[in-house]
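The block underneath contains the structure these notes are about, expressed in structure tokens.
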Amino acid sequence: MKTIAHIITRYTAFLWAVLKPLGGWGVFAIAGIDSSFVGMPLDAVVGTYVYEDRTRLLLYVFAASAGSALGSIVIYLIGYKGGEALLRKRISSEKFDRLHQSFEKHPFWALMFPAMLPPPTPFKLFVLAAGVTEMRFWHFILAIFAGRFIRFAILSVLILRFGPGFIQTLEGVVKHHYWWLLIAFAAGLLTWLLLWQKKRRKKLLATD
């Protein structure tokens with residue numbers, strides 16, 4: 001485990017040395033690669049950029065969010081052009097049916113909320129599902145951008161508050177308590193949706 005951690009640390013340091021001169025474009029490129037092809041230590045890259053230059057926090061968050069949204073187009077097109085068989089191979093029939101149903105009913109939220117979650121959330125499966133269910137393209141782009149923007153904005157604020165070592169701490173917590181965190185997130189999300197619907201109903205009744 002120490003050897004793996006050492007390799008990851010060296011790899012991240014090398015990546016940072018290459019990307020640092022590129023500024024926001026470096027964040028954009030890594031985010032695009034991470035979403036379309038090979039998984040990259042995107043949180044570490046964004047966090048390091050923000051910690052090194054907090055005055056450009058919004059620029060880096062925007063670049064990472066835009067790169068993730070545009071990079072995801074590759075997987076979206078695979079799903080759109082006939083990726084249902086590929087998706088069925090990755091998940092069980094029951095999970096496929098639930099995922100398909102969620103995208104049919106609430107496509108924007110079905111993609112935005114997974115975009116907010118950190119690894120090991122299988123985000124590319126949700127992107128593939130968006131293509132399979134033929135989600136509207138601009139809704140697809142906006143959902144990923146919004147979810148990633150919230151994720152990276154929160155991450156950046158926490159990095160500035162607790163320092164760059166917070167990323168490793170967060171990864172450890174998520175790794176060991178992922179399902180509990182996911183349940184807590186789902187419960188909070190459900191509560192928010194119920195309150196939002198309640199307020200919306202009140203407004204509609206008031207207008208009537």
Side-chain angles (χ1 to χ4, degrees), residues 31-32 34-36 39 42-43 46 61-157 170 174 177-208:
D34 174 72
S35 295
S36 57
L42 184 56
D43 287 342
V46 175
V61 170
F62 180 89
S65 304
S68 291
L70 294 179
S72 296
I73 293 175
V74 175
I75 298 177
Y76 171 84
L77 290 176
I78 292 174
Y80 193 89
K81 295 295 183 180
E84 181 174 337
L86 177 62
L87 183 59
R88 286 185 178 275
K89 289 180 180 179
R90 300 269 179 169
I91 57 178
S92 65
S93 297
E94 294 180 357
K95 289 183 178 179
F96 176 86
D97 292 338
R98 288 199 300 268
L99 190 60
H100 196 282
Q101 188 177 21
S102 65
F103 271 95
E104 288 292 335
K105 291 183 176 180
H106 308 287
F108 185 87
W109 304 115
L111 186 60
M112 175 186 167
F113 289 120
M116 295 171 58
L117 299 175
T121 302
F123 178 64
K124 288 183 176 65
L125 288 180
F126 290 92
V127 175
L128 185 63
V132 170
T133 55
E134 299 183 357
M135 181 179 179
R136 292 184 180 180
F137 180 74
W138 289 111
H139 289 184
F140 166 82
I141 293 293
L142 183 58
I144 295 180
F145 179 85
R148 289 305 205 206
F149 192 93
I150 293 172
R151 170 184 162 183
F152 294 132
I154 293 174
L155 174 67
S156 298
V157 171
L170 179 63
V174 171
H177 306 285
Y178 177 74
W179 290 108
W180 287 109
L181 292 172
L182 190 61
I183 291 171
F185 177 81
L189 174 61
L190 180 60
T191 302
W192 178 80
L193 286 173
L194 291 173
L195 291 174
W196 178 74
Q197 287 182 349
K198 186 176 180 180
K199 290 181 179 179
R200 188 180 179 185
R201 288 173 184 173
K202 287 183 178 180
K203 289 181 179 180
L204 291 174
L205 291 174
T207 54
D208 292 340

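Computed from a predicted structure; not experimentally measured.
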For Ala110, side chain to side chain contact (heavy atoms under 4.5 Å, CB included) partners two or more places apart: Ser102, Phe103
Minimum-distance pair of heavy atoms, taken over all atoms of Ala31 and Ala64: CB-O, 3.3 Å
Phe108 atom CZ: more than 12 heavy-atom contacts under 6.0 Å: yes
Distance (rounded to the nearest 0.5 Å) between [X] [atom1] and [Y] [atom2]:
X: Arg148; Y: Arg151; atom1: CZ; atom2: CZ; answer: 4.5 Å
X: His106; Y: Leu111; atom1: NE2; atom2: CG; answer: 14.5 Å
X: Met116; Y: Ile154; atom1: CE; atom2: CD1; answer: 5.5 Å

Check: Ser72 main-chain N/O paired with Ser35 side-chain donor or acceptor under 3.5 Å: no
Please output the side-chain donor-acceptor pairs of residues 122-146 that fall under 3.5 Å, not counting sequence neighbours, one pair per line with the distance.
| unit_1 | atom_1 | unit_2 | atom_2 | d |
| --- | --- | --- | --- | --- |
| Lys124 | NZ | Asp34 | O | 2.7 |
| Thr133 | OG1 | Ala129 | O | 2.8 |
| Thr133 | OG1 | Ala130 | O | 3.3 |

Counting only pairs under 3.5 Å, give me each side-chain donor-acceptor contact of residues 84-99, with atom names and distances, residues two or more places apart or in other chains.
| unit_1 | atom_1 | unit_2 | atom_2 | d |
| --- | --- | --- | --- | --- |
| Glu84 | OE2 | Arg88 | NE | 3.1 |
| Glu84 | OE2 | Arg88 | NH2 | 3.2 |
| Ser92 | OG | Lys95 | N | 3.3 |

Validation row: Ile73, Ser36 side chains within 4.5 angstrom (heavy atoms): no
